[in-house]
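Notes follow once the structure below has been shown.
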Amino acid sequence: MTARILVVDDEANIRALIDEILSEEGYEVTTAADAKEARSARKRQDFDLVLLDIWMPDTDGISLLREWSEGGAMGTVVMMSGHGTVDTAVEATRLGAVDFVEKPVSLAKLLRTVERALSVRRNKVERRGAAAQNAVPAGKSQAIRALRDQLARVA
Amino acid sequence: MVSMAVAKRIRSALLTLLAVLGILLWLIALLSFTRVTEPNDDFARRGLIWILSINSVGIAVLLSLIVRNLWQLVRDHRRHVPGSRLRARMISVLVMVAIPPLVGVYIFSVEFINRGIDNWLNADVEKGMSDALELGQTVLGIQTGNRLDEVRRFAEQLADIDGGDLEATLDTLRADSGALVVVLYGNNRILAMSSVDSAAEALRYASDEVLFQLRQDGQYVSADPQANGETQILAAVSMRSPAGNDALKFVQATFPMEQRLSTLLNAVQTAYFQVDQLTTLRSALKTSFTLTLSLVLLISLLASVYGAFYFSRRLVTPIQLLMQGTRAVARGDFATRVVSPARDEIGFLVHSFNDMTQRLARASEDARQSQQQVERERRKLEVILARLSTGVVSLEPDLRIRTANHAASAILGVNLETHIGDSVVKLAETEPLLGQFVGVASARLQNGDREWREQIMLRAEGGRRVLMCACTELPGDTDSPNGYAIVFDDITALLQAQRDAAWGEVARRLAHEIKNPLTPIQLSAERLRRKYLKPDGAEGELLDRATHTIIQQVEAMKQMVNAFSEYARSPRMEVSRFDVNALITELADLYAHQEKPLAIKLALSRELPQVEADAGRLRQVLHNLLRNALEATEHQDEPSVEVSTRRIVNADSDLLEIKVADNGPGFLGDIVHQAFEPYVTSKPKGTGLGLAIVKKLIEEHGGQISARNREQGGAEISILIPMSVDAGGQSLNRRHDHRRERA
């Protein structure tokens with residue numbers, strides 16, 4: 001069973017690259033350049049995971065997330081942002097996003113996040129529990145986590 | 001107040017009553033006095049002593065009143081009591097006017113009465129009266145003589161008759177002569193008798209007087225007043241007795257006297273006696289009249305003098321009151337009201353005066369009220385000015401301080417409120433901050449520039465201060481200005497906030513515009529590594545190095561953008577209590593165990609209590625400072641970094657001081673003044689944000705930060721923060737307040 005992933009980003013390079021990477025990993029990837037395309041893609045089919053950029057022209061990622069959240073059938077969403085603040089992360093989590101990826105994201109981090117999000121969905125268990133299950137942090141991930149902690153503290 | 005007025009009224013009524021009674025008594029006494037002249041009035045004689053004493057008492061009372069008044073007048077005159085001169089003049093005029101007529105009337109009256117008495121009682125009147133009396137007596141003598149002759153005729157006729165014809169003859173004789181009774185006596189008894197009526201009964205016996213006279217002279221005549229007011233003439237004539245014995249025989253007849261003659265005689269007699277008596281009393285009468293008149297004069301004189309006092313007082317009193325009122329008004333007491341005594345012209349004057357003082361009082365009250373209102377407005381304005389965060393200073397034309405508010409003092413760092421009236425130029429010589437400010441302002445004013453706006457930059461201990469300053473001249477009476485009002489705001493914080501906001505926007509954009517392209521770069525590099533990096537081979541080594549560099553540079557760029565975002569952001573403070581020394585020690589340990597260890601000398605105060613601050617922010621601050629120090633001392637032979645803490649307790653502040661010093665090259669040139677501005681750096685690799693972030697974090701604590709180059713070389717950063725961040729009132733930096741308001 002191949003997981004279906006929707007990548008929403010206004011930057012064509014990023015869209016293409018993530019598409020390529022995730023496809024290589026065996027996921028079925030669909031891309032959308034903006035909120036309009038994302039909506040119509042979601043109408044056409046269900047996705048196991050949505051990677052949603054925050055900063056987009058017209059409708060931004062948070063607004064789109066809120067729209068889906070209010071619409072009910074939201075699915076699993078991971079937010080991506082280049083200027084993520086703790087506030088936006090908290091807001092996204094409150095709206096039901098399972099994770100938050102800071103750009104520029106490393107390949108490993110991207111894959112790990114996707115896997116973890118999918119496992120959350122797959123197991124239909126509580127997100128925290130799933131995270132704990134998967135959280136056997138490697139060295140690199142620990143550094144990133146420390147960085148994030150630091151960021152949260154300073155901010 | 002009311003009871004006093006009532007008592008006064010009762011007293012004056014009593015006095016009036018007494019005066020009226022006294023005058024009545026005096027009048028009665030005087031009237032009674034005139035009766036003394038009537039000689040036979042017993043009442044007058046007895047009352048004389050009373051009359052005299054009443055008059056004496058009256059005189060005494062008047063005299064004492066006058067003396068008292070006179071004494072008061074003299075006293076007032078000596079004391080220069082207002083109105084006393086006027087009163088004295090008035091009294092003397094009144095007395096002068098009253099005395100001469102009184103004296104004139106007195107002299108005339110005395111003369112007139114004395115002359116009158118003399119005239120009435122002169123010798124002619126006396127002579128006339130005695131002549132009249134003599135005439136009357138003569139007439140009487142003639143009458144009685146005639147009657148005697150008639151009786152003598154009776155006797156001759158009767159002598160010849162005897163016996164029974166006697167009665168008839170007597171009747172005839174009586175009827176012819178008009179006698180009332182005719183009696184013939186003989187041998188001590190009535191021989192015959194004829195009478196008109198029974199009245200003759202009384203003449204049955206002749207009186208002894210008649211008998212005596214008959215024996216002597218042989219005849220008797222008398223005129224006797226009768227009880228009924230008539231006068232009867234009794235005549236008797238003895239007849240020659242033929243026997244010649246003692247037995248006396250005589251005829252006695254009684255005749256009525258003519259009525260008119262009788263009355264006249266009586267009147268003349270009475271008048272004569274009266275005149276005689278008056279003549280003897282003449283001098284006594286004169287004395288009595290003169291005495292009466294003198295008493296009247298004396299009392300009138302005294303009364304008129306007292307009246308002069310009384311009326312002068314009544315006239316002068318309102319004038320005195322007016323004078324007192326005028327003086328009171330002159331003193332500024334407008335509440336004075338003069339009691340109006342009468343409805344005459346003086347009363348009108350008093351009324352006008354009262355009207356005037358009332359208007360004056362109203363006017364002064366209005367003036368006072370408007371002054372109060374102005375004062376109130378001024379105070380309100382003062383309060384508003386005091387509360388204003390904008391500094392307001394007003395200057396005299398010669399640049400002396402007229403007013404200054406609290407904010408002005410706070411901004412310029414001088415307590416201007418204690419230097420009101422001092423020259424601001426002189427004051428500026430000792431106060432550097434004020435000096436810079438005054439330098440700009442006075443230069444402008446000396447150029448004749450009276451209305452201007454300028455942004456003034458001041459170099460203060462804690463960094464630059466930017467003041468937005470506006471000056472306007474205060475309107476004067478003429479063309480020359482009455483002074484200047486300078487209004488200024490410390491807009492450092494505002495500018496900072498604007499800059500912060502601008503940087504925040506830039507940071508957001510940068511994050512997007514840089515991090516977005518970084519994403520494909522990093523992902524592509526990693527993808528290259530993943531796909532083509534084999535564990536062996538020279539080509540692999542190149543690929544490894546190249547992709548590693550790319551990923552590293554991406555990471556560096558990310559760090560830089562993050563650092564910039566950190567600077568631009570200002571999230572909420574998280575205040576807790578912790579031990580700063582412990583925090584510093586912990587950080588120092590961290591640096592000691594790095595790959596290139598740094599020995600940090602700690603000089604920490606032992607008496608430091610727990611500080612109340614945001615531990616995360618403080619850690620970041622110290623981290624940045626230590627990293628700077630580390631980088632600065634990188635190329636030193638003996639790198640040295642020293643961290644010290646100290647508690648500074650002042651009257652109104654309780655501060656923590658942290659100093660981080662190094663022996664590096666220090667700040668270059670002018671950078672020391674701008675060390676805390678963003679993107680100012682002396683490091684080849686610096687982002688220029690480290691110290692800016694530190695400054696921001698310290699300011700968020702209400703603290704101050706300053707940088708200097710040490711004399712022995714190297715830089716020193718000192719931080720001052722309040723021991724308790726919540727003690728906002730002690731905030732060292734006004735900018736902090738703005739920041740908090742914005743949060």
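Letters A, B, ... mirror the listed sequences (proteins, then strands); counts begin at 1. Note that the structure is predicted; figures quoted are calculated from it, not measured.
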Please flag which part of L107(A) lies under 4.5 Å from any non-hydrogen atom of chain B: side chain, backbone, both or neither.
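Both backbone and side chain.
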Does a donor on one side chain and an acceptor on the other come within less than 3.5 Å for N581(B) and T645(B)?
yes
Examine whether an atom of R529(B) lies under 4.5 Å from a heavy atom of chain A, and if so say whether it belongs to the side chain, the backbone or both; otherwise answer neither.
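No part of R529(B) comes within 4.5 Å of chain A.
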Hey, does the side chain of D10(A) reach the backbone of M56(A) with a donor-acceptor pair shorter than 3.5 angstrom?
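The answer is no, because no donor-acceptor pair under 3.5 Å joins these two groups.
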Under 3.5 Å donor-acceptor, E555(B) side chain and I551(B) backbone:
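Checked: no pair found.
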Evaluate the side chain to side chain donor-acceptor pair (under 3.5 Å) criterion for residues S63(A) and D60(A): first the C-alpha distance (whole Å), next the side-chain angles of each, then the deciding distance (0.1 Å), finally the verdict.
CA-CA 6 Å; S63(A) 304; D60(A) 65 41; 3.0 Å; yes
Most chain A-contacting option - heavy-atom pairs closer than 4.5 Å, from I521(B), L523(B), L518(B):
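Answer, by heavy-atom pair count under 4.5 Å with chain A: L523(B).
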